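For reference, the structure discussed in these notes is given below.
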Amino acid sequence: MLDMKWVREHTDEVAAMLLNRNYNFPLDKFVELDALRRETLLEVEALKEKRNAGAKEVGMKKKAGENADALMEEMRLIGEKVKELDEKVAGIEAELQDLAMRIPNRPHSSVPVGADENDNVEIRRHGTPRRFTFEPKPHWDLGEPLGIMDFERGVQLAESRFTVLKGAGARLERALMNFMLDLHTTQHGFTEIAPPILVNTTTMSGTGQLPKFAEDLYRCANDDLWLIPTAEVPLTNLHAGEILNESDLPKYYCAFTPCFRREAGSYGRDMRGMLRQHQFDKVEMVKISTPEKSYDELEHMTNCAEKVLQLLGIPYRVICLCTGDMGFGAAKTYDIEVWLPSQNCYREISSCSNCEDFQARRMGTKYRPANGGKPRFVHTLNGSGIAIGRCLIALMENYQNEDGSITVPEALRPYAGGLEVVK
RNA sequence: GGAGAGGUGGCUGAGUGGUCGAAGGCGCUCGCCUGGAAAGUGAGUGAACGGCUUAUCCCCGUUCCAAGGGUUCAAAUCCCUUCCUCUCCGCCA
């Protein structure tokens, strides 16, 4: 959520920002409603002031043994008017709040302006895609013969976009999880968290998944609970409603969790294999920072995600998303894309974003500056560190051998019981 | 799920209809005291929204004692609903 005052005083800038993001938003209605809110508030507050003074006077008269009937009647009438106006204000505020929650974050000035993914800017590449002496297979043609991936049974147990991992497939999934968690906790200073995977509506709204993106989420119909689409949600909300001390910052959290996404609107895309699943595992990183440090923290967090791929020896590139391709709550986003030989292109495996104070304002997370000033909103960052399912795919495809076996990267072997080759 | 107790400021803890944003204590900030520190001592110490304003300073107003609703001229205090915590019982990985 943006600062309402700022929006009010910078409507031109907001309109331009919405345009850059390809966003359709009724800004005129918002401005109009905001003015009406203040106007009505002024009216009702004046009446309340009168009523408060009157009530006090009634008290004093009664104590003095005087008759206060006329005054009480007058205050009763004011009370009725107040109630009426209070309801009006509440209605306006609810509508205004709902609108405000649907305005996307403002991109940082360093973000390239562009319409879609074609305007994203490549920042750097690492590793050289391997030159195969044979035709590299897609992961589904590797996984099924090896007996480590079962797509049919995934569908049978749930529906399409679910996969069963078996034997070495499941083992590698678990190895990757432990490898990434150990790296981030022991080398990068993150505190490991095991959070709830079901969260309530307030939590889901804090990070911006609600109210706008309910269609993308799985919901528990009998409870006010939703399945998380990423551990960003519980991790970032860990300090919702709190005022932290500056000395407590920055906070580094990471967690392994399954993630659940309905993938509404992606019918037909990446239907084969397990590139795009309704359920997938991920190690997520979250940072809570002061505004001054948040962009340095973004660079560092992106490096932490890259380190995973570097150690596994998988080629990747880092791109900076343009204004039109960025997510709702992000002010700046780096995507990390891994090389997939079967597709002959780079595919997203991690997304690292600085949300600045966008989520903090929704959650109510502030910090008290060390110099004792007023509490300020923190900046929040999140990044995949990294998506495990896609990492498994990338590993399989990049490390495949001509006979269909897969060499396990050395860095992973200690986590896979010494397994060197899956065959 | 059943029975009971309770949810007040950064913490602790008073407050059962009126001048209570809320006593006392702790903590914190500033000052005094001290060679310095402790102890002692004096003062201060919440947030949101709106108005005023060059100003996120002041000042003024409104709101906030788990959340939402109700009663009343007036609610932290009375009533209802929900949520949460604790104790006991039941159930359970």
Side-chain angles (χ1 to χ4, degrees), chain A residues 1-10 30-101 194 196-206 220 222-226 234 237-249 258 290-292 356-357 360-379:
Chain A
M1 191 163 72
L2 299 175
D3 181 1
M4 293 253 209
K5 253 185 231 169
W6 184 86
V7 171
R8 186 185 301 150
E9 288 158 12
H10 301 81
F30 180 85
V31 170
E32 193 181 306
L33 215 53
D34 176 63
L36 181 63
R37 169 180 174 269
R38 275 176 296 140
E39 187 186 307
T40 313
L41 209 53
L42 219 57
E43 194 181 345
V44 71
E45 285 184 355
L47 284 175
K48 281 180 178 175
E49 187 179 357
K50 208 167 174 181
R51 184 189 62 179
N52 288 346
K56 206 174 270 188
E57 202 181 329
V58 169
M60 292 197 294
K61 280 196 173 177
K62 288 205 163 183
K63 203 158 269 181
E66 295 172 32
N67 183 300
D69 289 355
L71 192 56
M72 277 163 65
E73 176 62 10
E74 191 187 334
M75 290 308 116
R76 194 181 62 76
L77 291 173
I78 289 180
E80 280 175 9
K81 183 73 182 164
V82 164
K83 192 176 171 183
E84 187 186 310
L85 286 172
D86 264 344
E87 280 166 12
K88 185 177 170 188
V89 171
I92 294 170
E93 283 187 342
E95 200 176 340
L96 206 54
Q97 180 73 7
D98 185 69
L99 278 172
M101 295 283 265
I197 290 165
L198 290 169
V199 301
N200 59 38
T201 299
T202 303
T203 300
M204 222 31 125
S205 304
C220 300
N222 294 327
D223 305 279
D224 177 32
L225 290 171
W226 308 72
N237 277 284
L238 232 30
H239 296 289
E242 284 184 49
I243 299 177
L244 303 163
N245 290 317
E246 183 166 355
S247 56
D248 296 333
L249 300 177
T290 59
E292 288 73 21
E356 297 191 1
D357 63 6
R361 184 169 281 113
R362 290 171 164 242
M363 297 185 300
T365 305
K366 299 185 170 185
Y367 76 98
R368 203 175 292 282
N371 63 24
K374 278 199 143 196
R376 305 167 69 197
F377 287 111
V378 298
H379 279 195

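Everything numeric in this text was worked out from a predicted model, so none of it was measured. So that the names make sense, note that chain A is the first sequence line, chain B the second, and so on, each numbered from 1.
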Whole-angstrom distance between U34(B) and U54(B), as gauged at atom C1': 46 Å
Heavy atoms under 4.0 Å, any strand shown: does Arg37(A) hit a base, just sugar-phosphate, or nothing? sugar-phosphate
Please name the nucleotide paired to G40(B) by Watson-Crick or G-U wobble geometry with both distances under 3.5 Å, or report none. C32(B)
Looking at Met75(A) and Arg51(A), what are the two nearest heavy atoms and their distance? SD-CA, 3.7 Å
Correct closest heavy-atom pair for Ile78(A) and Leu47(A) would be CG2-O, 3.7 Å
If we call it a pair only when both distances are under 3.5 Å in a Watson-Crick or G-U wobble match, what pairs with G10(B)? C26(B)
Would you classify Lys50(A) as touching base, sugar-phosphate or nothing, given that sugar-phosphate means primed atoms plus P, OP1 and OP2, and contacts are heavy atoms under 4.0 Å? nothing
Assign Asn52(A) to base, sugar-phosphate, or nothing according to its heavy-atom contacts below 4.0 angstrom with the strands shown. sugar-phosphate
Any strand counts, and the cut-off is 3.5 Å on both contacts for Watson-Crick or G-U wobble. Which nucleotide pairs with G61(B)? C49(B)
For A93(B), which nucleotide in any strand shown is its Watson-Crick or wobble partner with both distances under 3.5 Å? none
Paired with U81(B) by Watson-Crick or G-U wobble geometry, both distances under 3.5 Å: which nucleotide is it? A67(B)
Categorize Leu71(A) for me: base, sugar-phosphate, or nothing, with a 4.0 angstrom heavy-atom threshold over every strand shown. nothing
Between C84(B) and G24(B), how far apart are the two P atoms, rounded to whole Å? 35 Å
With no hydrogens and no angle check, do the side chains of Asp224(A) and Thr201(A) hold a donor and an acceptor under 3.5 Å apart? yes
Nearest heavy atoms of Thr365(A) and Gly241(A), plus distance in Å: OG1-N, 4.1 Å
Roughly how far apart, to the nearest Å, are C11(B) and A5(B) at atom C1'? 22 Å
Specify the separation, in whole Å, of atom CD of Glu45(A) and atom C1' of G51(B). 8 Å
Provide the Watson-Crick or G-U wobble partner of C20(B), both distances under 3.5 Å; none if there is no partner. none
Using a heavy-atom cut-off of 4.0 Å across all strands, would you classify Arg8(A) as base, sugar-phosphate, or nothing? sugar-phosphate
In whole Å, what is the span from the CG atom of Asp86(A) to the P atom of G50(B)? 16 Å
Let me know, please, whether Ala55(A) or Leu42(A) comes out on the 5' side of the other along RNA chain B by nearest nucleotide. Ala55(A)
For U54(B), the Watson-Crick or wobble counterpart (both distances under 3.5 Å): none
Could you measure between the two C1' atoms, the one in A75(B) and the one in U16(B), and give it in whole Å? 11 Å
Nearest whole Å is fine: how far is G51(B) C1' from Lys5(A) NZ? 11 Å
Say you pick atom C1' in A48(B) and the same atom in C30(B); how far apart are they, in whole Å? 27 Å
Tell me the partner of U72(B), counting only Watson-Crick (N1-N3 plus N6-O4 or O6-N4) or G-U wobble (N1-O2 and O6-N3) with both under 3.5 Å; none if nothing fits. none
Name the nucleic acid region contacted by Lys61(A), choosing base, sugar-phosphate or nothing; use a 4.0 angstrom heavy-atom cut-off, strictly under. nothing
Does this structure show an ion pair linking Glu73(A) with Arg76(A), if we count only N-O contacts that are shorter than 4.0 Å? yes
Lys/Arg N to Asp/Glu carboxylate O, Lys62(A) vs Glu66(A), below 4.0 Å: no
What is the distance from CG of Asp224(A) to C1' of A67(B), rounded to the nearest Å? 13 Å
Is it true that Arg8(A) and Asp3(A) make a salt bridge, defined as a side-chain N closer than 4.0 Å to a carboxylate O? no
Assign each of Met75(A) and Asp3(A) to its nearest nucleotide of RNA chain B by heavy atoms, then name whichever residue's nucleotide is nearer the 5' end. Asp3(A)
Whole-angstrom distance between U82(B) and C20(B), as gauged at atom P: 35 Å
Rounded to the nearest Å, what distance is computed from the CG atom of residue Asn200(A) to the P atom of nucleotide U82(B)? 18 Å
